[in-house]
Amino acid sequence: MSGAHSGALVAHQFDDAEQQHASASLGMWIFLATEVLFFGGLFCGYTLYRGLYPAGFEAGSHLLKVQYGAAYTVMLICSSLTMALGVRSAQLGKRKALVTFLVLTILLGAAFVFIKLRFEWYGDYLEHIVPAIHWAPQGKALAEITRLGASLNHVELFMFFYFVMTGVHALHMIIGVGVMTWLLILAWRGRFSPDRYNQVEMAGLYWHFVDIVWIFLFPLLYLIGGRY
Amino acid sequence: MGTAALEVPSISHVNYLNASYGWRSWLFTVDHKRIAWLYLVAITFFFFVGGAAATLMRLNLIEPQGALVEPATYNKLFTVHGLIMVFFFLAPAVPAVLGNFLIPLMIGARDVAFPRLNLLSWYIFMLAGSVFLYSVISGGVDTGWTFYTPLSTTYANGNVMSAATGIFISGFSSILTGLNFIVTIHKMRAPGLTWFRLPLFIWSMYAASVIFVLAMPVIAITLALLVLERFFHVGIFDPALGGDPILFQHLFWFFGHPEVYILILPSMGVISELVAAFSRKRVFGYSFVAFSSVAIAVISFLVWGHHMFVSGQSIYAGLVFSALSFAVAIPSAVKVFNWTATLHQGSVSFDAPMLYALGFIGLFTMGGLTGLFLASLATDIHVHDTYFIVAHFHYIMVGGAVMGYMGGLHYWWPKMTGRLYPEGWARLSAAIIFVGFNLTFGPQFILGYLGMPRRYAVYPAEFQVLNVMSSAGASILAVGYLIPLIYLLWSARYGPLAGPNPWGAKGLEWTTPSPPPTENFEEVPIVTEEAYAYAKET
Amino acid sequence: MYFGFPFRPQQASTVSVAWDHLFYFLTAVAIFFSVLIFVAIFYLAIKYRRRSADELPPPTRENLPLEITWTIVPLALTVVMFVWASSLFIRDSRPPAASTEIFVVGKQWMWKIQHPEGPREINELHVPVNQPIELTMTSEDVIHDFGVPAFRIKKDVIPGQYTTEWFEATKTGRFHLFCDQYCGMGHSSMIGWIIVMPPDAYERWLDSQMKVEPMSAAGSRLFSQLGCGTCHGPGQVAKAPSLAGLAGATVKLQNGQTVVADDAYLRGAILTPRQVAGFPAVMPTFQGQVSEDEVLQLIAYIKSLESPQGSKGKFQ
Amino acid sequence: MVGHVLSKKLYVTVFALLIALTALTTGVAYIDLGAYNTVAALAIAVVKASLVVLFFMHLKYTPGMTRIALAAAVGWLVILLALTLADFHTRSWTPVPQSWQASTAPAR
Ligand code: HEA
Ligand code: HEA
Ligand code: CUA
Ligand SMILES: [Cu+2]
């Protein structure tokens, strides 16, 4: 706590580090609240149509591959752990550990985005199940849709939700990776100390939030109607 | 010696205006007071653009077959008018100009909690405005400010995508401003300034900020979905896929109704300040007025379906929304009665800001009471989407919110510039605005009741008389708005010096010099008394 | 006194009088409170005007009873408004049993209207006086709104769905029909007339139009043209459900839900077929192959089919 | 300074729980529970999210305002969903016009 009043650590508008930290934390949480409602619009539409077109959504969900969804979930949980430990290292002033954990977090996040785009989405493209861009389900996909008696239109609607929801999520991941990289540079230069790690903590909150969104997206998109 | 220019007294103390010079010192400033000026310039520009569109509309409606423009152009005019006035003028007007300037001053802080974020908000706002203006210049949009699907996604030919993108971006500016204010009000209050010692302006800014933060993200994602659907020709509102266009309306109005309270709440806060200062009395029923702001903010999120009574929404949902819409009227009623009661046994002066305040109370009451016609399921069916609606919301937004903004601008102008505006001109233009306003929008109530639909470029001849009256009123109104533009500009340079507290008002902002120094206060004020402690005893 | 404009829209339907009464009540409340506030402001502001520059008034005293009064009184008034308005609304939201059904299709920027007997009209609707009329409406493109001020009715017309509204005209004459939902460039010219006629004149009008086939006949023609009969024809009951007597019946769906086969259901069954319990999902979608007008004709035809038990569809 | 330093062990425990719950939610999807599949999936997701919020995001150790911010977010999400769905779910309550009932044939 000592030294908190020494100039640069506390911006001019604040009285002390305590106030600065509390403000930053409150601001970040409010920002996350807006994020909840940002995704909320999507969840609202999703819930509505899932209720209206259960067969279409079930069939659509069965076109996705559970193994991807589960793998992403594990990756994100791991990255959340590394992030939490990173914040902890910052709190304790362990620069090396902080750098290591940030690197791990970035790698996990980047891997997530890479796998999603390169393998899952590209795979969807090859299977002709990308609405608007490449939409002509055939073979196994078509068989599944017919088996469940779903209307192709409703399946397309589901796939649209799938791409938009995971797309917006991936966008958040990309932004997150960007922020982490910036933090990494700062951490490398030794900008953080037990007196001064607000940015790491706030970025951590954001990262965990993105993880939470995925925790919901996984069952909502990949596990509809079971896989039995 | 002896020339006119030298008679202008100059401001000698170091303040936020003369602390540094040059365009960089303005465009890269993080001082909340300078950022308020940046906003002021921007929204004034937008106001006159929106007003010019309104002028052209009113000119066109002088003749039933359209006196001026093609229907296609008319449709673009009201779309641009509505979007600019709502998103680029009124939503930022009181919050981003007066709020930015005053919140730190009123709570005894050196700045807002996140000054750089504050500047960022302005840049985002300007980016949004530029994108929107681009869409207007390069052909315009013609969807109405409500962007209803599938018109906007499939059938409209205008630049829907760039316009929606502009609004989308502006949402983030509002979110960041709201966030900044909430944190500032929570964390930056001067010692001794407890919640119930806060000026009521702060309470209503707080309530409005909460709405910013919770409503804006929903419109952002909704517009994003709209743009995607228009781009890919596939989307969640598309009836061909089994999508439901009414879902769009739900998402739009979930934001849209709270948005209209974003427009009015800050002005209500201004009115509380004005009524107290110009009656030299504490606002009657302080805590009721304070809590009614919070009540409005919360209930405003529960009433959106009242815009959809004839849209095919279920009648049961309609009943719920109708009941809740009546509920949201109560806190507004409480405010109106308390302001009126404040005059009782006061020392009422009729300076221009007070004229605006009294105008606000009267016109807001009329606008609000006609809102009750719309909240009633049966009567709304008849007047929905007619000029009755247009009259309702202009009474609240122009007669109410804009009057409040004008009143506040005059009241704090001496604080912002250090100089007094010419009182006589100000009273005159307030009176002109009041008369012109009623002549413009009063006849529209009757038009609407008679059945004239809104957004009509041409109309049956039997509605002409009332339309001509309305257009005549609009020209008076235009004069009323141009006069202040001129004399305020003049007074910023040549007005007499104001001194720290020209009105003899209470409040921390009046304890520091006009214009205030960059750090606002020489030393952190310590608050020991209630707000509006005018009377001798307290 | 004549001001060059009327002060009240014509009252030409059964609901208009009762609805106007509510409107007058609301107006009275609005005027009362507006006058109250204006008078109070003027009176207080002038009575307590500032008399000297350094005048300081006595402190504000809180007054809880007063606060409660002006919370409760508006609350009570709004409860009255709510109950009154909602009861009118609920009462008038259901068409009377004996109403005649007429079909409306909105399209940028005109109204296409079909009578079950066959005649079609554009931007005009002829109806008999004192006869409840139920409009079943849909749109081919964007949302429109079928509003008739003299009848105090208004309802959005939505693509992909059916909405309904009804009225019973009490006066003969010509009444404005407006499109009240902004629908693009020609919105303000999407207007027309409702022509209310005495019953005998209406019959004569119908006769003069009678060269056209009734909607159900047109539907029947479409039914064979599109090959519906190959599956739904007589004797095909194993392949596809029989459509006779379907209209108005309760249908059990594959997913266990039951629905009433109303217009909207039939439209969905044709355009986006869903699983009826016990049948394979082989019915192709007819979306894009039939226009909204034609769907309505098919529905009229299905309604005209007799059920095996002898009870009939709505139109006989 | 102001932050709350939690033990490494706690983080790892929470992490292990999260992984276990992920396995559980995936596994449950392969068992036929009817409508309860969705309920189970959502319940597990809520538990997981709560773990992240409480421990990784330190909600358990932060002042009341943070909780209010979170509660507002969730509450408003509920408002959005509840009132929107209230419309769509009650549309079918409207009685089918009487003229229909007159001709109702027995359910098939
Ligand atoms: C600042 C903006 C603002 C504000 C504050 C309000 C306030 C209110 N509005 Fe308004 N409204 C709009 C802006 C606003 N509105 C806009 C822009 C539209 C059109 C959007 C579009 O379609 O383009 C609209 C449309 C609109 C509709 C939809 C109409 C339709 O499209 O069919 C409805 C319906 O219920 C409504 C109701 C109300 C009510 C009940 C209030 C209440 O909050 C009013 C409360 C105030 C009072 C009641 C007055 C003071 C009270 C007294 C003096 C005491 C006496 C009181 C009683 C007896 C109760 N408004
Ligand atoms: C805050 C919001 C706000 C404000 C301040 C105003 C201000 C005004 N509005 Fe607006 N209005 C809306 C919000 C607002 N409006 C909205 C949301 C809609 C709905 C849009 C939609 O349907 O989608 C609407 C719609 C609307 C209509 C209905 C259009 C229709 O449905 O067909 C009309 C018609 O009279 C109108 C008129 C006016 C007038 C005369 C003013 C006046 O108060 C304006 C006064 C200002 C001036 C007159 C400026 C003076 C300056 C000049 C004259 C300079 C001129 C310069 C040049 C010509 C170069 N408005
Ligand atoms: Cu059709 Cu407006
Ligand atoms: Cu509203």
Side-chain angles (χ1 to χ4, degrees), chain A residues 11-16 18-49 51-53 55-57 130-135 150-165 167-168 171 202, chain B residues 30 32 104 109-117 171-172 175-176 178-180 182-184 186-188 190-191 209-210 212-225 228-229 231-244 246-248 250-251 254-255 518-520 524:
Chain A
H12 79 107
Q13 71 273 24
F14 295 114
D15 296 333
D16 52 36
E18 179 80 45
Q19 189 189 24
Q20 171 159 330
H21 176 262
S23 302
S25 157
L26 180 59
M28 194 64 208
W29 277 93
I30 293 173
F31 177 72
L32 296 183
T34 71
E35 287 275 24
V36 169
L37 282 145
F38 188 77
F39 283 98
L42 290 170
F43 282 115
C44 182
Y46 169 91
T47 317
L48 171 68
Y49 290 131
L52 287 180
Y53 312 124
F57 271 53
V130 184
I133 295 172
H134 208 57
W135 179 250
S151 146
L152 264 184
N153 286 340
H154 301 161
V155 179
E156 190 172 0
L157 203 59
F158 170 84
M159 292 307 285
F160 188 80
F161 271 108
Y162 158 73
F163 276 101
V164 173
M165 289 170 113
V168 173
L171 195 66
M202 299 314 136
Chain B
V30 289
H32 65 104
R110 282 182 291 271
D111 205 323
V112 294
F114 310 114
R116 272 184 293 166
L117 198 65
F172 290 95
I175 289 175
L176 296 182
L179 187 157
N180 218 334
I182 296 179
V183 176
T184 306
H186 266 286
K187 299 290 176 200
M188 314 283 284
S209 305
V210 169
F212 269 135
V213 164
L214 293 173
M216 286 296 177
V218 177
I219 192 65
I221 188 69
T222 308
L223 290 177
L225 285 167
L228 283 178
E229 177 159 348
F231 188 77
F232 288 112
H233 305 292
V234 167
I236 71 165
F237 307 120
D238 184 359
L241 287 192
D244 194 327
I246 297 177
L247 174 65
F248 176 84
H250 275 294
L251 293 174
F254 176 87
F255 143 85
T518 305
E519 291 282 281
N520 290 346
V524 179

Please state whether the side chain, the backbone, both or neither of [X] comes within less than 4.5 Å of a heavy atom of chain A.
| X | value |
| --- | --- |
| B:V112 | backbone |
| B:H186 | side chain |
| B:A113 | both |
| B:A240 | backbone |
| B:I175 | side chain |

Considering only heavy atoms from C-beta outward, does the side chain of [X] approach that of [Y] to under 4.5 Å?
| X | Y | answer |
| --- | --- | --- |
| B:R110 | A:F14 | no |
| B:L247 | A:Y49 | yes |
| A:F160 | B:L228 | yes |
| A:I133 | B:F232 | yes |

Rounded distance [0.5 Å steps], [atom1] in [X] versus [atom2] in [Y]:
| X | Y | atom1 | atom2 | value |
| --- | --- | --- | --- | --- |
| B:F212 | A:I30 | CZ | CD1 | 14.0 Å |
| A:S23 | B:N180 | OG | CG | 10.0 Å |
| A:F38 | B:T222 | CZ | OG1 | 9.0 Å |

Looking only at non-hydrogen atoms, find the nearest pair between B:V234 and A:A132 and report the distance. CG2-CB, 3.5 Å
Out of [options], which one racks up the most heavy-atom pairs below 4.5 Å with chain A?
| options | answer |
| --- | --- |
| B:T184, B:V183, B:D111, B:I236 | B:I236 |
| B:P115, B:A220, B:G171 | B:P115 |
| B:D244, B:L241, B:N520 | B:L241 |
| B:V218, B:L225, B:L179 | B:L179 |

Inspect the contact between A:D15 and B:K187 and indicate whether a charged nitrogen and a carboxylate oxygen are less than 4.0 angstrom apart.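 So B:K187 does not pair with A:D15 through a salt bridge.
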Closest-packed option against chain B by number of heavy-atom pairs under 4.5 Å, given A:L42, A:L48, A:V164: A:L42
Side chain from CB out, backbone as N, CA, C, O: work out which of these in A:Y53 comes under 4.5 Å of a heavy atom of chain B, or both, or neither.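 A:Y53 touches chain B through side-chain heavy atoms alone.
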Report which part of A:Y46 has an atom under 4.5 Å of a heavy atom belonging to chain B: side chain, backbone, both, or neither.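 Interface part for A:Y46: neither.
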